[in-house]
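Beneath this line is the structure, given in structure tokens, with notes to follow.
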Amino acid sequence: MGRRGLFRDSSLRERVYRSIREDLASGVIAPTERLGEERLAELYGVSRTPVREALARLLSDGLIERDEHGLYPYRPRLEELDGLYELRVTLEARGIRRVLENAELQHDSEALTAELTTWQGFRELPPLPDAELVAVDEQFHTTLLQASGNSALAEALAVVNTRMRPVRALDALTPDRVATMVAEHITIVESLLAGRLESALEQLVAHIESSQVRVLERAERAMSMSKLGLALRG
């Protein structure tokens with residue numbers, strides 16, 4: 001096989017991997033769906049080889065898991081949610097701390113301003129409190145971390161978000177909670193743009209920890225409910 005063929009195969013493998021990963025994160029693939037190579041190959045219009053390789057990578061990433069019946073989307077156990085939130089706080093706080101600790105570093109003001117504009121728009125016209133808002137919220141946090149200048153931190157956060165999303169996407173967002181989310185996001189970005197990094201750090205951690213309390217309470221109540229119970233393991 002020539003080099004052009006190798007590049008083509010490599011690109012196909014990456015596309016299949018990213019497609020499955022995105023469908024896992026968005027809920028297109030249900031939490032209880034068995035990830036069979038043949039069905040996925042048909043779904044994505046490819047042979048089983050790139051699907052097999054993508055599943056191996058996703059298994060290594062921790063985004064899918066294997067039991068005696070085969071491969072399934074990762075479903076966090078209730079006790080694992082605390083650990084995932086702790087990791088999320090660690091990653092996001094590190095983004096601000098690295099700028100605080102190094103006078104030569106600064107946040108990407110253009111990226112932050114774009115996020116500020118988006119969320120100011122949501123203040124005027126609130127988004128629907130649905131699962132799509134969870135993805136927009138994740139994008140906000142990933143962008144803030146990326147703006148600190150360390151893409152590896154942002155990539156790690158994206159994996160954490162994907163593992164948490166089956167639960168977060170099923171959380172009952174109310175209009176009041178959406179309004180609070182919007183207001184807190186705006187406050188955090190305004191603090192970062194103004195150079196008030198210590199305040200931004202405190203606001204960010206409080207924002208995430210508040211979300212943690214609500215999601216864990218919701219998850220505990222929902223263990224007996226069939227819909228959210230599918231996204232969790234006991």
Side-chain angles (χ1 to χ4, degrees), residues 25 62 76-120 122-123 126-127 129 133-174 176-220 232:
R77 293 164 179 82
L78 193 56
E79 64 271 16
E80 291 175 336
L81 288 175
D82 262 327
L84 288 170
Y85 264 103
E86 182 178 358
L87 179 55
R88 181 184 167 191
V89 170
T90 299
L91 291 169
E92 296 197 47
R94 181 58 196 158
I96 297 178
R97 288 196 177 105
R98 70 186 302 272
V99 180
L100 270 170
E101 295 166 1
N102 188 338
E104 296 181 359
L105 298 178
Q106 60 181 4
H107 282 85
D108 180 343
S109 61
E110 184 176 345
L112 294 180
T113 300
E115 282 297 326
L116 179 59
T117 300
T118 295
W119 290 89
Q120 286 174 334
F122 287 153
R123 184 169 57 189
L133 179 58
V134 174
V136 178
D137 174 57
E138 289 175 1
Q139 181 61 45
F140 170 84
H141 288 275
T142 303
T143 298
L144 258 59
L145 193 48
Q146 182 78 46
S148 74
N150 188 325
S151 59
L153 289 174
E155 290 171 4
L157 178 61
V159 172
V160 173
N161 284 338
T162 298
R163 298 184 74 182
M164 295 174 63
R165 198 170 196 199
V167 177
R168 290 199 63 211
L170 294 173
D171 189 16
L173 291 168
T174 65
D176 285 345
R177 283 182 55 190
V178 172
T180 298
M181 175 194 295
V182 170
E184 291 178 353
H185 282 189
I186 290 172
T187 299
I188 293 166
V189 178
E190 287 179 338
S191 293
L192 288 173
L193 286 170
R196 299 190 299 268
L197 301 188
E198 291 283 3
S199 295
L201 178 58
E202 293 177 4
Q203 293 157 358
L204 178 64
V205 171
H207 171 72
I208 298 172
E209 290 179 345
S210 177
S211 172
Q212 176 180 3
V213 170
R214 291 193 301 265
V215 169
L216 288 176
E217 287 178 349
R218 167 74 174 166
E220 288 170 354
L232 283 164

Result block: side-chain N/O donor-acceptor pairs under 3.5 angstrom for residues 149-160, not counting sequence neighbours:
from: Asn150; atom 1: OD1; to: Ala152; atom 2: N; distance (Å): 3.0
from: Asn150; atom 1: OD1; to: Leu153; atom 2: N; distance (Å): 3.2

N/O donor-acceptor pairs under 3.5 Å from side chains in residues 179-193, not counting sequence neighbours:
from: Thr180; atom 1: OG1; to: Asp176; atom 2: O; distance (Å): 3.1
from: Glu184; atom 1: OE1; to: His207; atom 2: ND1; distance (Å): 2.4
from: His185; atom 1: NE2; to: Asp137; atom 2: OD1; distance (Å): 3.0
from: His185; atom 1: NE2; to: His141; atom 2: NE2; distance (Å): 3.4
from: His185; atom 1: NE2; to: His207; atom 2: NE2; distance (Å): 3.1
from: Thr187; atom 1: OG1; to: Ala183; atom 2: O; distance (Å): 3.0
from: Ser191; atom 1: OG; to: Thr187; atom 2: O; distance (Å): 3.1
from: Ser191; atom 1: OG; to: Gln203; atom 2: OE1; distance (Å): 2.9
from: Ser191; atom 1: OG; to: Gln203; atom 2: NE2; distance (Å): 3.4

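In this structure, the side chain to side chain donor-acceptor pair (under 3.5 Å) partners of Gln139, at least two apart in sequence or on a different chain, are Thr143. In this structure, the side-chain contact (heavy atoms from CB on, under 4.5 Å) partners of Glu80, at least two apart in sequence or on a different chain, are Tyr74, Pro76, Arg77. Judged as a salt bridge (Lys or Arg N to Asp or Glu O under 4.0 Å), and not counting sequence neighbours, Glu198 has no contacts. Residues passing the side-chain contact (heavy atoms from CB on, under 4.5 Å) test with Thr118 are Phe122, sequence neighbours excluded. Residues satisfying the side chain to side chain donor-acceptor pair (under 3.5 Å) test with Asp108, not counting sequence neighbours, are none.
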Stepwise side-chain contact (heavy atoms from CB on, under 4.5 Å) test for Gln212 and Asp82
CA-CA 8 Å; Gln212 176 180 3; Asp82 262 327; 2.7 Å; yes
Could you go through the side-chain contact (heavy atoms from CB on, under 4.5 Å) check for Trp119 and Val136 one step at a time?
CA-CA 10 Å; Trp119 290 89; Val136 178; 3.8 Å; yes
Given side-chain contact (heavy atoms from CB on, under 4.5 Å), test Arg177 with Arg214 step by step and report yes or no.
CA-CA 10 Å; Arg177 283 182 55 190; Arg214 291 193 301 265; 3.1 Å; yes
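With values rounded to the nearest 0.5 angstrom, Arg163 atom CZ is found 10.5 Å from Leu81 atom CG. Between the CD1 atom in Ile96 and the CG atom in Leu105 there is a gap of 13.5 Å [rounded to 0.5 Å]. With values rounded to the nearest 0.5 angstrom, Leu197 atom CG is found 11.5 Å from Glu202 atom CD.
A salt bridge (charged side-chain N to carboxylate O under 4.0 Å, His left out) check over residues 96-107, counting only residues at least two apart or in different chains, returns the pairs Arg94-Glu101.
Contact record, Ser148 with Val99: O-CG2, 4.1 Å, taken as the closest heavy-atom pair. When all heavy atoms of Ser211 and Arg88 are compared, the pair lying nearest together is OG-NH1, 4.4 Å.
A donor-acceptor distance shorter than 3.5 angstrom exists from the side chain of Thr117 to the backbone of Thr113, with no hydrogens or angles considered.
For Glu86, the CD atom is loosely surrounded, since the number of other residues' heavy atoms within 6.0 Å does not exceed 12.
Put simply, the side chain of Glu92 does not reach to within 4.5 Å of the side chain of Leu144, judged on heavy atoms.
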